[in-house]
Amino acid sequence: MLVTDHLLDLCEAHGCKALFGIPDPQFFALFDAAHARGWQVVAPHHEAAGGFMAEGWARITGKPALCVASLGPGMANLAPAVAHARAEGGKVLFLGGRRAGMSKAQTGRFQHAEHFPAMAQHAGWSAQASNGVGAVAAVEAALHGMACGQICAAFIELEPQALAGEVIWPYGAPVQAGMPDLAPALALIAQAQSPIILAGHGVHTAPAGEALRDLAQKLACPVVQTPSAMAVVEGLESVSFPYGFSPVTRAVVEASDLVIALGTQLGDQLHFGQNRHWKAGREARRWIRIDRDPAMLTGADVAVPGDLAQVLPALAQACPQRQAQPQLAQWSTAHATHRADQVAAARAFPAQPIHPARLVVEACQVMPDGTILARDGGASVLFQLAYAQGAPRDVLWSQNSGHLGTGLPMAIGAMLAAPDRPALLLTGDSALLFHLAELETAARLGLPLVVAVAVDHQWGLEVGMSRLNLGPSAEAGLGWSRATRFDLLAQGFGCDGTYVDDADALAPALRAAFTAALAKRRPQVLHVAIDPKANAENMPALGEFASWFAA
């Protein structure tokens, strides 16, 4: 069998039928074969964007996606996406090319560079192959590792001959990880009076949303969402609380005597589970931590290494039904009141210039049920975290690595995995410019995407930090051309564009954008002229954000 057919067979056996990358002679046969099989084959305008698209596809499907990059500069461009997928837990298999027979001693060769050491460091798993047998073996090992939950981002560097010709390969049975002992966790749960579930990003990348719902309903307890996991599982809307961005959540955390932490690194965004909101009751509080990576389980009273997709359903089934905590209904009511107050406060700002909080509130309230929400930017994301409304089922955001520019390509990949669902990208202007050319990709693919761009013509978060730390200053390099019009740029890429500079026109414009996106299968881009001063100087929960760097 041809090597390319072996590789595609292996991918299909693990649910992968999406290929992202800029076609290159080394990979022409792979692209053509995937297309002939009916795969989704997408060429972006930048290799990193292709990697982010693959990650968005994997995030929605729970299956690995395939992304390739050519030798030399293609590999260099791909590096951010490889590092991002590892940091965010994206199941992406990256294939990269290299010149045949090259060594470090051979300098001055066109499109030859020793990228593998750096890429191996970025990825969670890596290999090199110089022939077809090596290529098939490496791909099989990478995909089996993903299936067991042991790795996420995998990188394989291939020499040209590795994809040429035919090989015989005996496919092995998929390796299944053993079930860890759940007895210690069940014993700790039985002793707890006020348990909470801390749902991390790993719940959604597993995916294990249904099992999370089953466990939360069995325990009748609150679900605290980490900043990286703001998606709400259906059925848990009234008991889900965002960590750090609601006073109600702080009360929930302080009252807890047991935390069941699922798929989270428990890093500085969560103050390592010890400081800030965790200080009250810290000494008496117990921790159960479940994660595929044993390195993430240090400090737990009970550590459960394993894939959430396998472990969480078993834990939910084994837990007995409990009575709801007396304060749960009170917390739910208080949080609903808090969100209503946020809406009222946002709508009390003047209509011109548009306050960033108003954009977030109107966009979240207008988006249809089932909308995929993508976030991007600095100050823009802080306003989103503080003023988030509704209960989106899927939220895409570069929460661990903080990489700007991922929002648009990740939204594209996610929509390819769920073609009947609209998507909303809430982004800052500086972030969108990273991969603006992918608007053409979204238009080419006919995606019902709505992009609401908070435009202040500056690096808003950095301007705010500069003024806070240095006072009035030149703010060198933090501003850019006020002549830039994203609605007009969008039209040049084949999308529809709308200019909005009055807050009272926001909701009608957003409704019209969703209607047009779904009816015409064409991306809609809203240039929203926001207040630069408010965006830089009135960022909400700035103390919470700053605490991430001091935790």
Side-chain angles (χ1 to χ4, degrees), residues 89 149 179-233 235-236 239-244 249-267 269-274 277-278 280-294 296-325 327-328 331:
M179 179 64 68
D181 182 12
L182 299 180
L186 291 168
L188 209 55
I189 290 172
Q191 298 167 15
Q193 299 298 312
S194 301
I196 65 172
I197 296 173
L198 183 64
H201 188 59
V203 171
H204 303 287
T205 59
E210 291 185 6
L212 169 63
R213 181 185 59 225
D214 293 343
L215 180 62
Q217 291 177 344
K218 278 283 192 75
L219 301 182
C221 71
V223 176
V224 174
Q225 306 161 297
T226 69
S228 62
M230 301 289 277
V232 181
V233 174
L236 300 180
V239 297
S240 296
F241 306 93
Y243 177 84
T249 313
R250 295 162 205 165
V252 171
V253 167
E254 290 178 359
S256 64
D257 63 353
L258 172 66
V259 182
I260 307 171
L262 308 175
T264 173
Q265 297 180 24
L266 208 64
Q269 294 180 354
L270 296 167
H271 309 102
F272 303 103
Q274 298 181 10
H277 311 306
W278 303 102
R282 182 177 64 185
E283 299 302 326
R285 188 178 294 118
R286 296 292 176 261
W287 287 81
I288 297 171
R289 297 189 64 182
I290 306 175
D291 198 280
R292 60 176 176 79
D293 186 353
M296 299 301 164
L297 303 179
T298 57
D301 295 281
V302 173
V304 184
D307 185 4
L308 283 172
Q310 180 184 13
V311 174
L312 200 53
L315 181 63
Q317 184 176 12
C319 281
Q321 183 67 51
R322 296 170 59 114
Q323 294 293 320
Q325 298 174 27
Q327 294 173 284
L328 186 55
W331 287 329

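Note that this is a predicted model, so its numbers are computed, not measured. If you read the sequence from its start, that first residue is 1, and numbering goes on from there.
In this view, S256 and R285 satisfy the side chain to side chain donor-acceptor pair (under 3.5 Å) rule, not counting sequence neighbours. Legend: residues meeting side-chain contact (heavy atoms from CB on, under 4.5 Å) with R289, ordered by chain and number and at least two apart, are A261, L266, M296, L297, A300. Here W331 pairs with nothing under the side chain to side chain donor-acceptor pair (under 3.5 Å) rule; sequence neighbours left out. A search for ring pair (Phe, Tyr, Trp, His ring centres under 6.0 Å) contacts involving F241 returns H335, not counting sequence neighbours. For A206, the side-chain contact (heavy atoms from CB on, under 4.5 Å) test picks out A208, D307, L308, A309, with sequence neighbours left out. For A314, the side-chain contact (heavy atoms from CB on, under 4.5 Å) partners at least two apart in sequence or on another chain are M179, L182.
The shortest side-chain heavy-atom distance between I290 and L315 falls under the 4.5 Å cut-off. A heavy-atom distance below 4.5 Å is not found between the side chains of V233 and V223. Residues P313 and D214 form no side-chain contact, since every pair of their non-hydrogen atoms from C-beta on lies 4.5 Å or further apart. In this structure the side chain of M230 never reaches within 4.5 angstrom of the side chain of S240, judged on heavy atoms. Counting only heavy atoms from C-beta outward, the side chains of I189 and P195 never approach each other to under 4.5 Å. L186 places a side-chain heavy atom less than 4.5 Å from the side chain of C319.
Evaluation of the side chain to side chain donor-acceptor pair (under 3.5 Å) test over residues 179-203, restricted to residues two or more places apart or in two chains, returns none. Among residues at least two apart or in separate chains, side chain to side chain donor-acceptor pair (under 3.5 Å) pairs with a member in residues 217-226 are T226-S228.
E254 and H277 make their closest contact through CG-O, 3.9 Å (heavy atoms, listed as atom of the first residue, atom of the second, distance). Closest non-hydrogen pair, L212 versus A199, comes out as CD2-CB, 4.1 Å. Residues A185 and V304 share a closest heavy-atom pair of CB-CG2, 4.4 Å.
Not a single donor-acceptor pair under 3.5 Å links the side chain of R322 to the backbone N or O of A220. Side-chain atoms of T249 do not come within 3.5 Å of backbone N or O of G244 as any donor-acceptor pair.
Within a 6.0 Å radius of CD in Q323, no more than 12 heavy atoms belonging to other residues, nucleotides or ligands are found. Counting non-hydrogen atoms of neighbouring residues, nucleotides and ligands closer than 6.0 angstrom, the CD atom of Q274 exceeds 12 such neighbours.
For the atom pair L215 CG and I197 CD1, the distance stands at 4.0 Å (nearest 0.5 Å). If you take CG on L312 and CZ on R213, they are separated by 11.5 Å, rounding to the nearest 0.5 Å. Rounding to the nearest 0.5 angstrom, the gap separating the CH2 atom in W287 from the CG atom in L258 is 9.5 Å. Atom CG of L198 sits about 10.5 Å away from atom CD1 of I260, to the nearest 0.5 Å. Within the model, atoms CG of L270 and CH2 of W278 stand 7.0 Å from one another, a figure rounded to the nearest 0.5 Å. Distance check: D257 CG to L188 CG gives 9.0 Å after rounding to the nearest 0.5 Å.
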